[in-house]
2 protein chains.
Amino acid sequence: MKNIISNINKAFDHRIRLGIMSVLMVNDHADFKTLKELLGATDGNIASHTKALEKQNYIKVEKSFIDRKPNTRYIASDKGRKAFREHLDALEKLLKTKNELNI
Amino acid sequence: MKNIISNINKAFDHRIRLGIMSVLMVNDHADFKTLKELLGATDGNIASHTKALEKQNYIKVEKSFIDRKPNTRYIASDKGRKAFREHLDALEKLLKTKNELNI
DNA sequence: TTAAAGTACTTTGAAAAACAAAGTAAAATA
DNA sequence: TATTTTACTTTGTTTTTCAAAGTACTTTAA
């Protein structure tokens with residue numbers, strides 16, 4: 001390992017993306033509105049952060065119509081789950097490890 | 001509480017700032033070079049992220065000369081320690097809580 | 001002694017990211 | 001039929017991030 005933060009994933013560096021992932025880790029899916037309400041974010045916000053996670057293939061997007069209305073459902077991909085778990089491990093290590101510095 | 005991420009501190013949303021704080025929580029101080037090496041960041045990076053944390057009064061900066069060379073030492077303030085602990089609590093809650101969604 | 005290289009930062013300005021307001025299109029309501 | 005609401009997406013400005021360049025020395029070496 002090069003440095004103490006090298007395993008911390010840039011993609012999860014933002015609280016909204018962290019929130020999205022943590023919701024999708026516990027619940028096997030969540031839709032746009034749910035994420036929006038749960039995270040207290042604006043529409044544009046959810047749109048761009050989910051897009052960012054989708055671009056990395058960390059979440060999958062399923063579009064359908066529910067009650068004749070458009071519905072966008074987000075699901076954490078295997079890659080995303082793995083990456084997120086690794087991120088959490090890295091976080092935990094960063095915070096727990098008493099780094100030997102002698103300063 | 002308004003939403004599940006409302007206690008997650010924006011100031012710690014970045015891995016370099018997270019790293020700086022975690023180093024300063026465990027070690028009572030660290031200087032510029034140490035942070036730079038420990039985090040594998042560039043000079044400008046450390047400068048701007050420490051400045052951001054200083055602006056929030058989360059860290060204190062002490063400038064002196066050691067061996068005739070300038071030395072900048074960073075220390076977590078009480079406010080910073082408190083804020084960071086609260087941030088970690090919020091993180092933990094976010095990740096542990098099985099949010100009741102019924103979806 | 002003076003030129004070149006190194007140290008410890010700070011400043012700068014371009015690039016990327018974040019944000020909310022505005023836009024879209026269809027559905028529900030009145 | 002008009003108006004409001006829902007469920008998003010797009011847009012363009014603001015903010016943040018970043019590393020390259022700059023500053024002000026100190027050290028080494030010729």
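Here the P atom of nucleotide C/dC9 and the CZ atom of B/Phe65 are 10 Å apart, to the nearest Å. The nearest whole Å value for the distance from the CG atom in A/Leu39 to the P atom in C/dA18 is 14 Å. Between A/Leu35 atom CG and D/dC8 atom P there is a gap of 10 Å when expressed in whole angstrom units. Look at NZ on A/Lys36: it is 9 Å from P on D/dA7, rounded to the nearest Å. B/Gln56 places its CD atom 15 Å from the P atom of D/dT15, with the value rounded to the nearest Å. Atom CD of B/Glu62 is separated from atom P of C/dC9 by 13 Å (rounded to the nearest Å). Atoms CG (B/Asp31) and P (C/dC9) sit 7 Å apart, rounded to a whole Å.
Ranking D/dC8, C/dC9, C/dA28 by closeness to the A/Arg68 side chain, first place goes to C/dA28. Set against C/dA28, C/dC9, D/dC8, the side chain of A/Phe32 has D/dC8 as its closest nucleotide.
The salt bridge (Lys or Arg N to Asp or Glu O under 4.0 Å) analysis of residues 32-61 of chain B, with sequence neighbours excluded, yields the pairs B/Lys33-B/Glu37, B/Lys36-B/Asp43.
Judged by distance alone, the side chain of A/Asn27 and the main-chain N or O of A/His29 form no donor-acceptor pair under 3.5 Å.
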Before you tell me yes or no, could you show the steps for A/Phe12 and A/Leu53 under side-chain contact (heavy atoms from CB on, under 4.5 Å), namely the whole-Å CA-CA distance, both residues' side-chain angles and the distance that decides it to 0.1 Å? CA-CA 9 Å; A/Phe12 306 132; A/Leu53 291 169; 4.0 Å; yes
Nucleotide by nucleotide, nucleotides 16-24 of chain D touches protein heavy atoms under 4.0 Å in the pattern (B base, S sugar-phosphate only, - none) -SSBB----
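The one candidate from B/Leu39, B/Ile16, B/Leu35 that meets the side chain to side chain contact (heavy atoms under 4.5 Å, CB included) condition with B/Asn45 is B/Ile16.
Among the protein residues, B/Lys51 comes within range of the sugar-phosphate backbone only, with heavy atoms under 4.0 Å from sugar or phosphate atoms but none that close to a base.
Contact between the side-chain N/O atoms of A/Lys55 and the OP1/OP2 oxygens of C/dA16 is not found at any separation under 4.0 Å.
Of all the heavy atoms in A/Ala11 and A/Tyr58, the pair that sits closest is CB-CE1, 3.7 Å.
Proximity of B/Leu18 to A/Ile5: side-chain heavy atoms (C-beta onward) are nowhere separated by under 4.5 Å. Side-chain contact between B/Ile20 and B/Tyr74 is absent, with no heavy-atom pair separated by less than 4.5 Å.
Map A/Asp67 and B/Asn71 each onto its nearest nucleotide of DNA chain C; the residue landing nearer the 5' end is B/Asn71.
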